[in-house]
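Okay, structure first, notes after.
Since the model is a prediction, treat every value here as computed from it, not as a measurement.
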Amino acid sequence: MIRTPDQRIRVFVSSTLRELADERVAVRAAIERLRLAPVMFELGARPHPPRELYRSYLTQSDVFVGVYGDSYGWVAPGEDVSGLEDEYRLAPPGMPKLIYIRESVAREPRLRALIDRIRDDDTAAYMSFQSATELEDQVAGDLATLLAERFDQSTASPMPDPAAGGLVSRVPVTYTPTIGREAEVAALRALLDLRRDRVLSLIGPGGIGKSRLAIEAAAACTDLFPDGTYFVGLENVLETGLLLPTIAYALGIRDNGEAVLEERISRALEDRTVLLVLDNFEQIVDAAPLLVRLFTVAPTATFLITSRVVLRIRGERVIEVGALSVPEHDAPRTLERASRSSAVALFVDRAQAAKPLFALTEDNAGAVMDVCRRLEGVPLAIELAAAKVRTLTPQALAERLSRSLPVLTAAVRDLPERHRTMRATLDWSVSLLAPAHRALLDDLGVFAERFTLDAVEAVGSNRPWEGSVLEGVAALVDGSLVTQSEVDGRPVLSLLSLVREYALERLKASGGVEAMRAAHAAHYSALVRRIAPGLRGPRQAEALAELGLELANLRAAVRHLVHTGRLDDAGDVAWDLLIFWWIMGLFGGVRVWMLELLSKEAPITAHTRAVAWFYALWGEMWQRPAEEVVAGLTECLRLFRESGDDDAAAMTLAARATARVQLPQPDVDAAAGELAEAVAQLHALGNAWGEAITEVSLGRVAWLRGPLGEAVDHFEKAEAVADAGGDLFTRSIAGNQIGRLLLLRGEVDQAETRFVRTLLDAVRLHHEEGVAFGLEGLCAVASARGEAGRAGELSAAAASIRHRIGVFDVEAFTVHTPSLDHARTTDPEAVADGERRGAEMTVREAVISALPAAARDAVDPLLRRW
C-alpha cells in the first residue's frame, strides 16, 4: 500500500553496527532522500537482542533492507542465531526485502550460509556493492523502483485516514500488548464520559501499571475528547515551578515571557474538550492546587493523573490501581487454572518476547503460577521475571524467587507491601546481572527521560563498564530494565521512572552520584557548545530540532550543575541557549533555575549574576513593567561589561530599551537611542542574530514614532541581515511586519510575497505562532482582493491555532481584522462559510490552502510533523 506523505512508508534497516557504520549512514540518507522513514536500531544485531522491540517495529514497517558485510554478529549464550539473522527471520513473509552484500573475500561462514538462504527467498532482491557511496545511490534507486511497481496495487487498497490519529499521537504508543486491564479501561471510559469529575487520579505503588493504564484509557477515549488528548510526562520535573512550563510545552504554548503562563494555558484550554494525562505527579504534589485554578477557568478540560500519592484537591476522584489477578493459593496447578489468571497471561506474553518458543504447558503451569503469586501480580515485577526465561526455566525461576524474595523484602519492611515486592524484585533482577552491567544501570540513573547510546558512551570514562557499552545496554534491554524506541528517526534509550529512581538510589549509596552528575553535565554542556552556535545561522531549524530532542537532559544538566555547586557553568549553559529558550518559548523554566542559582550561598562571577538576573527580569519586563525592571537591567548591563562580555552587554542594552517602551509612560526617544547603539555594537561584534532582532525592535519603535517609511527601513534591514545569515526566525518576524506595512500602502501583491515566505519559514521551524501570523497576513491579502470565503477560512484557521497555543495578543489581530470586517459587510455569507471550513482545518490543511500552488510541493514534506 502506498501512503500519503504524512503517513510515510517505514523502511526497516538491518545490519551490524560498527562494521557497517558508514553504510548505515548511506542507507539512511537514501531513505530520507525519498522522504521515507528509516527504522534503525542500535541494538538489533547485538548480544541479547531486544526481540520484543524489533519484532514490533518489523510488524509496523513496510520494507526490509538488509546490509551485510563480513560479520555474522555475535551469538549470545543459549541462542542459536545472531540478532542479525533473527531480524531477517522475523520479517513478515510478505514484506519486500532488499538485500545488499558488500563484496568480500573474508566473510564469516555463518553469514555465507545466511546469504545462501536469502537467495532462495522469493520476497528478497539480492544485490552486491563495493562502497558506501555506491550503496546510497543503489538503495535510493531500488526503493523508488519498488514503490513505482506497487503503485497500481495501492489504488485498489483503502488508504489510512491521515487524521485518524489526531492529537492522540501525542500519547505514547505501547509496543507490547496491555494484558488484564480491560475492565479498568472500560470503567475509566465510563467515568470520563460522565464528565462529573475534573480530576481522575490513578493511585498505586511503583510498577503497578498506572502509566500503562492511563495511556490505554486515553487511547480508548479519543472520541470523547474531540479537541485532543495530551500526555504530559512529569518524571523528570522535580521543581513545582516547572509544572506549568511543562504543561505549556506539551500543549504547544510558547513561554516568551510576554504574558502570564497560567493565563495562556487557561485560555488555550478554554471551551476545548480535551484530556490531559499528567504522569508521575507524586514528585510535585505540592503544585496540585494549580490544577484547580486551571480546571476552574477551563470547564471542558479533564485531567487524568497518575501518582503514588493522592493529590487531595477539590474535584479529584481517587481510583486505586490494583495488581493483576493471580491464581489462588489452593488452586490446582493445572494449565486450565493457570490460564484464568491475567498475571500468568502477562508472564507468558513477555516470556515469549524473550524466548519465542516458550509456551505455558501442564509441566510448567504450576511453576508460573508460583512466580506470579510470589510477585503478587505486580506487572513490572512479572515482566522483569519473565525476561529471565532465556536462561532459567519457570521451575528454576520459582525456586530462586522462593529463596530470594523473603530475604530481600525483610530488608525493606518500612515500605508498603507491594512497594516491598517491587523493590525486592528489582534487587533480585539486578543481582543476576554481571557487576559491570549493574554499575551501568546505576549510572544511567542520572539521565532524564530519554538518551542516546552516544551519550552513554560519553559519560563512561573510568567507569567499570567503559568500553563495553553496547553489550551492557543490550543486557539491560534484554532484562527489561532499559527500553529502546525511536524519536524522529533516532534510536533512543530510556528507563521507567521507577527503575531510574531505583538506579539513582543505588548510585547515591555507592558514592558515585556526584561523579556521574558531573560527567552528565559535562557531556551536555559540550553538546550545547557544539550545537548552539547553529541557532544563529543556516542550521537554525536543525539545531532547534536537535536541542528539542535533548530538552529533558538539558534541564537535568543545568539542575546537576546547580546542585553540585558549579553555578558559573550553569550560567554559561543557560546563556549559550538564549536563542533556543527564546524561539521555543521556554523562559519560564530557565527563570526557576536562575532564581535557585541566585538563592545559593556561594560565590559566583559577575557574568553569572548578570545572566541569572537577566532571565529573572525578562518576564517582569513584559508582564509587570516598572522602573525597577529598567534599573535591574541596568545592573545586568554593568555586570556584563565588567565581565568583558560585550556581546551580552549589547543584548542587554537592547532589552533595557524594550523595557523602557513597556513602561506605563514609555520613554520612546531613549529607547530608540539605545536600540540604535545596540545595533551598532552587535554589528561590530558580528552577532547577526542579535543585530537583526534588535533592528526589528527599532522598527517597532519607529512605527510608534512615525513616519512609517523609517519603520519599513528598519524591518527591511532586519530581514536582509537575517536572510544573509540564514536566520529563519528573525526573517519571519521582520517579513510579517513588512507585509503589514505594505498592506497599509495598498501594495497587496508585494505583501503576499512577504507573507508566503514568512509562513514557509515558520513551518520550517515548526513555529505555530509564526504560522498563525502568516495565515493572518494572507487572510488580509485575500480580503483586499475580495476573496471573502478564503479570507474567512484563513482567519478561522489562525484563530484555532492561537486558541490552542494560548496566544491572545491584540496587536496580532490588527493585520487582518479591519479588512476582514469589511468583507463581512460586503459578503457575510461567504465569510461565514469560510470560517466554518477554517475552524475544522488542521495546521497542515490550513497551510496548504493558504499557499499558492507553486509553493505547496516544497512545503508538504515539512508538514509531516503536523
Side-chain angles (χ1 to χ4, degrees), residues 256-259 582 621-623 625 630 651 653-680 682-683 689-723 727 729-755 757-759 761-762 769-770 772-781 783-784 798 802 807-821:
N256 57 11
E258 295 179 8
W582 193 322
M621 175 176 73
W622 298 100
Q623 298 169 29
V630 175
M651 291 295 294
L653 179 61
R656 187 177 70 177
T658 303
R660 293 190 192 281
V661 179
Q662 300 302 119
L663 291 172
Q665 295 182 324
D667 190 345
V668 177
D669 291 337
E674 290 182 347
L675 287 170
E677 182 183 350
V679 164
L682 291 163
H683 177 77
W689 189 89
E691 179 186 356
I693 202 72
T694 307
E695 279 285 2
V696 170
S697 296
L698 258 177
R700 287 172 173 163
V701 169
W703 196 332
L704 289 174
R705 299 168 78 192
L708 294 184
E710 184 181 346
V712 172
D713 290 342
H714 287 299
F715 291 139
E716 288 184 338
K717 184 175 181 182
E719 184 184 54
V721 172
D723 193 30
D727 171 13
F729 179 70
T730 311
R731 187 174 78 176
S732 176
I733 293 174
N736 278 320
Q737 300 294 349
I738 295 169
R740 295 170 68 181
L741 292 173
L742 289 172
L743 284 173
L744 291 175
R745 291 177 175 177
E747 299 174 21
V748 178
D749 291 345
Q750 295 88 333
E752 181 185 34
T753 300
R754 280 308 201 289
F755 287 128
R757 186 163 78 165
T758 65
L759 181 57
D761 287 345
E769 186 178 354
F773 273 114
L775 293 176
E776 288 160 354
L778 291 170
C779 165
V781 169
S783 296
R802 289 193 177 279
V807 175
F808 297 89
D809 181 353
V810 175
E811 183 186 1
F813 298 97
T814 62
V815 181
H816 65 297
T817 49
S819 53
L820 184 62
D821 289 342

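If you take CG on L759 and CZ on R757, they are separated by 13.0 Å, rounding to the nearest 0.5 Å. Residue E776 holds its CD atom at 9.0 Å from CG of N736, rounded to the nearest 0.5 Å. Taking CG of L682 as the reference point, atom CD1 of I693 lies at 11.5 Å (rounded to 0.5 Å). In this structure, CG on L698 lies 9.0 Å from NZ on K717, to the nearest 0.5 angstrom. One distance of note links OG1 of T694 with CG of L675; it measures 7.0 Å at 0.5 Å rounding. The CD atom of Q737 sits 13.0 Å away from the CD atom of E695 when rounded to the nearest 0.5 Å.
Contact detail for F715 and I738: the closest heavy-atom pair is CB-CG1, 3.5 Å. Between T758 and G774 the shortest heavy-atom distance is OG1-CA, 4.2 Å. Smallest separation of non-hydrogen atoms from A672 and R705: CB-NH1, 3.2 Å. Closest heavy-atom contact between G257 and Q623: O-NE2, 3.1 Å. Summarising the geometry of A762 relative to G770, their closest heavy-atom pair is CB-C, 3.5 Å, with the distance given to 0.1 Å. Smallest separation of non-hydrogen atoms from P664 and P625: CD-O, 4.0 Å.
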Hey, mind stepping through R700 and V661 against side-chain contact (heavy atoms from CB on, under 4.5 Å) and telling me if it holds?
CA-CA 10 Å; R700 287 172 173 163; V661 179; over 6 Å; no
Between N256 and W622, does the side-chain contact (heavy atoms from CB on, under 4.5 Å) criterion hold? Intermediate values first, please.
CA-CA 9 Å; N256 57 11; W622 298 100; over 6 Å; no
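Taking the ring centre of F773 as origin, the terminal cationic atom of R802 falls inside the region bounded by 6.0 Å and 45° from the ring axis.
Annotation: salt bridge (charged side-chain N to carboxylate O under 4.0 Å, His left out) contacts of D713 (sequence neighbours excluded): none. Looking at residues two or more places apart in sequence or on another chain, you find a side-chain contact (heavy atoms from CB on, under 4.5 Å) between V630 and E627, T634, R656, A659, R660, L663.
A distance-only check finds a donor-acceptor pair linking the side chain of S819 to the backbone of H816 [under 3.5 Å].
When each of R754, R731, H714 is paired with E719, the side-chain hydrogen bond (donor to acceptor under 3.5 Å, both in side chains) condition holds for R754 and for no other.
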Enumerate donor-acceptor pairs with a distance under 3.5 Å from any side-chain N or O in residues 746-753 to protein atoms, sequence neighbours excluded.
residue	atom	partner	partner atom	Å
D749	OD1	R785	NH2	2.7
E752	OE1	R785	NH1	3.3
E752	OE1	R785	NH2	2.9
E752	OE2	R785	NH1	3.2
T753	OG1	D749	O	3.2

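Using cut-offs of 30° and 60° for the angle between ring planes, the W689 and W582 rings count as perpendicular.
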